[in-house]
Amino acid sequence: MTTHMNGEAVDQLTASQKIDGLERSTATQSDLAAACSAQVKEEPAKRAGDTEQSTLPPSRLEEVSEWHIGGKALTSRFFLGTAAYPSPQILQDAIATSGAQVVTMGLRRQLAHGAEAGDFFALIKATGAHLLPNTAGCHTAREAITLAHMARELFDTTWIKLEVVGDAHTLQPDPFELLAAATQLVKDGFEVFPYCMDDLVSCQRLLDAGCNILMPWGAPIGSGQGLVNPGALRTLRARLPGVPLIVDAGIGSPADAVQAMELGLDAVLLNSAVAHAVDPVRMARAFKLGIASGRLAYEAGVMPRQDMAVASTPVAGHPILL
Amino acid sequence: MTTTDTEPKTITITVNGTPETTNARTLQEWLDARGVLPAALATAVNGNFVPRSQRAQQPLAEGDTILTFQPIEGG
């Protein structure tokens, strides 16, 4: 180790600053892109597949850029759930304020007549958002497949958020039943949005089965724990460039959503974090801004972390001692 | 026991987990009797999805299970 003394130490610092400044000024677009891609240096997996998304973050200056998923062009990267709001009016206002262009819905085993069943659906349809029905509550591939077909008929969409729960306490997906259901539903012509674990290999199996999209969990549904395993999500992003990745479940605060977006995930799906907020409409806006901010940060390329301080004020040529 | 009468027999089916009796012979007849708008729900018989267009051809027999699903809020 070098012992730094008075002017000598400062000279060294100045030199390192100069090198640092030089490196910054000559950094190429691909360097920046490499830095953006979550700082994981693995090669992309061959199974990543061809999607419309570029592996390089675009360097546009618009606040929001268009992206594509499931055959639709979107500008928002915020998918919002419709459950557990204090009132239908607050739900409607929250959707409007969120700017979400995709909202999730469910199906329930019931036989209600007329308005009782239709009002809620009409309210959601009036928002103009794309509908993403889910298969919540299913525990087997067979149940999920049947429910998906029902959803396609009821909601008039091929999109399905495929949920096959494997554990009652964590509501985490059953990767085996999920894969079985996804395999069949892809054959049946669905655009499957699988709610899946953040495990790389099981995600690759879903892609092999024909899924074009993955929705890894952040944390157990409704827990608000945020991203319990950001490293796994970082690995997914690095190994599956071009595959739309949507964090689904577990988001608690906008900070969690910012983190997901900074990791380079493509969108965030959440429900409870808005619905259970003291003021859901205000929170919808907070998430909208957070998601947009996190995406901008990813596109801009977050600076690398340093273990030690790196002076930001240039000191070359300044008097050292007054 | 053999019966040759032409009057509709009453059968017992299970609807969303609850047993009920019906004279309906097809899923469509059963729905018509219930007075539910055909587009307001999706149907399955014995766990198999029955599309709207197939309801009139879907026979109902003693012991069959009908499930009906409707849109609700969801996350």
Side-chain angles (χ1 to χ4, degrees), chain A residues 79-85 88 91 103-125 131-137 140 142-143 145-156 161 163 171 188 195 221-222 248-249 269-275, chain B residues 6-75:
Chain A
F79 290 17
L80 187 59
T82 57
Y85 289 78
L91 165 61
V103 297
T104 54
M105 292 191 68
L107 294 93
R108 181 160 56 205
R109 201 179 71 168
Q110 65 177 22
L111 186 56
H113 290 252
E116 193 188 332
D119 277 2
F120 175 76
F121 189 19
L123 182 152
I124 299 297
K125 274 199 282 197
L131 303 178
L132 178 57
N134 67 32
T135 61
T140 66
R142 182 163 188 255
E143 285 175 331
I145 291 165
T146 302
L147 206 56
H149 280 272
M150 289 178 153
R152 180 160 69 178
E153 186 179 73
L154 273 177
F155 295 100
D156 194 25
K161 174 183 161 179
E163 266 186 77
L171 297 181
D188 293 344
Y195 166 58
I221 294 173
D248 179 10
L269 196 170
L270 60 91
N271 189 151
S272 305
V274 166
Chain B
T6 53
E7 286 177 26
K9 276 188 300 185
T10 296
I11 55 171
T12 302
I13 58 176
T14 304
V15 179
N16 296 336
T18 308
E20 69 173 54
T21 56
T22 181
N23 293 326
R25 281 293 168 274
T26 66
L27 183 59
Q28 187 62 54
E29 285 176 25
W30 177 81
L31 277 172
D32 291 344
R34 282 302 196 111
V36 187
L37 285 174
L41 79 180
T43 49
V45 172
N46 300 330
N48 298 313
F49 171 61
V50 181
R52 234 171 261 156
S53 60
Q54 299 298 311
R55 287 173 187 163
Q57 286 81 54
Q58 175 65 46
L60 288 183
E62 177 71 26
D64 278 352
T65 298
I66 296 177
L67 296 177
T68 67
F69 279 79
Q70 292 180 310
I72 56 156
E73 56 185 45

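Chain identifiers are assigned alphabetically (A, B, ...) following the order of the sequence lines, protein sequences preceding nucleic acid strands; residue numbering begins at 1 within each chain.
- In this structure, CG in L31(B) is found 7.5 Å from CG in L111(A), a value given to the nearest 0.5 Å.
- Smallest separation of non-hydrogen atoms from G75(B) and A83(A): N-CB, 4.3 Å.
- The neighbour count for D32(B) CG, taken as heavy atoms of other residues, nucleotides or ligands under 6.0 Å away, is above 12.
- Between M150(A) and F69(B), the shortest heavy-atom distance links the atoms SD-CD1, 3.3 Å.
- The contact between A39(B) and chain A is made entirely by backbone atoms, counting heavy-atom distances below 4.5 Å.
- Heavy atoms closer than 4.5 Å to chain B are found in the side chain of F155(A), but not in its backbone.
- Contacts of L147(A) with chain B are made by side-chain atoms alone, with heavy-atom separations under 4.5 Å and no backbone atom involved.
- R52(B) places a side-chain N or O within donor-acceptor distance of the main-chain N or O of E153(A), the cut-off being under 3.5 Å.
- No donor-acceptor pair closer than 3.5 Å links the side chain of T146(A) to the backbone N or O of F49(B).
- N48(B) and R142(A) form a side-chain donor-acceptor contact under 3.5 Å, judged by distance and modelled atom types alone.
- Only the side chain of E163(A) comes within contact range of chain B, judged by heavy atoms closer than 4.5 Å.
- Distance alone, capped at 3.5 Å, places no donor-acceptor pair between the R108(A) side chain and the I72(B) backbone.
- Looking at every heavy atom in both residues, A112(A) comes nearest to V36(B) through O-CG1, 4.3 Å.
- Residues N271(A) and G74(B) come closest through the heavy atom pair OD1-O, 3.5 Å.
- A distance of 9.5 Å separates CD of Q110(A) from CG of L41(B), quoted to the nearest 0.5 Å.
- With E73(B) contributing its side chain and A84(A) its backbone, the two residues share a donor-acceptor pair below 3.5 Å.
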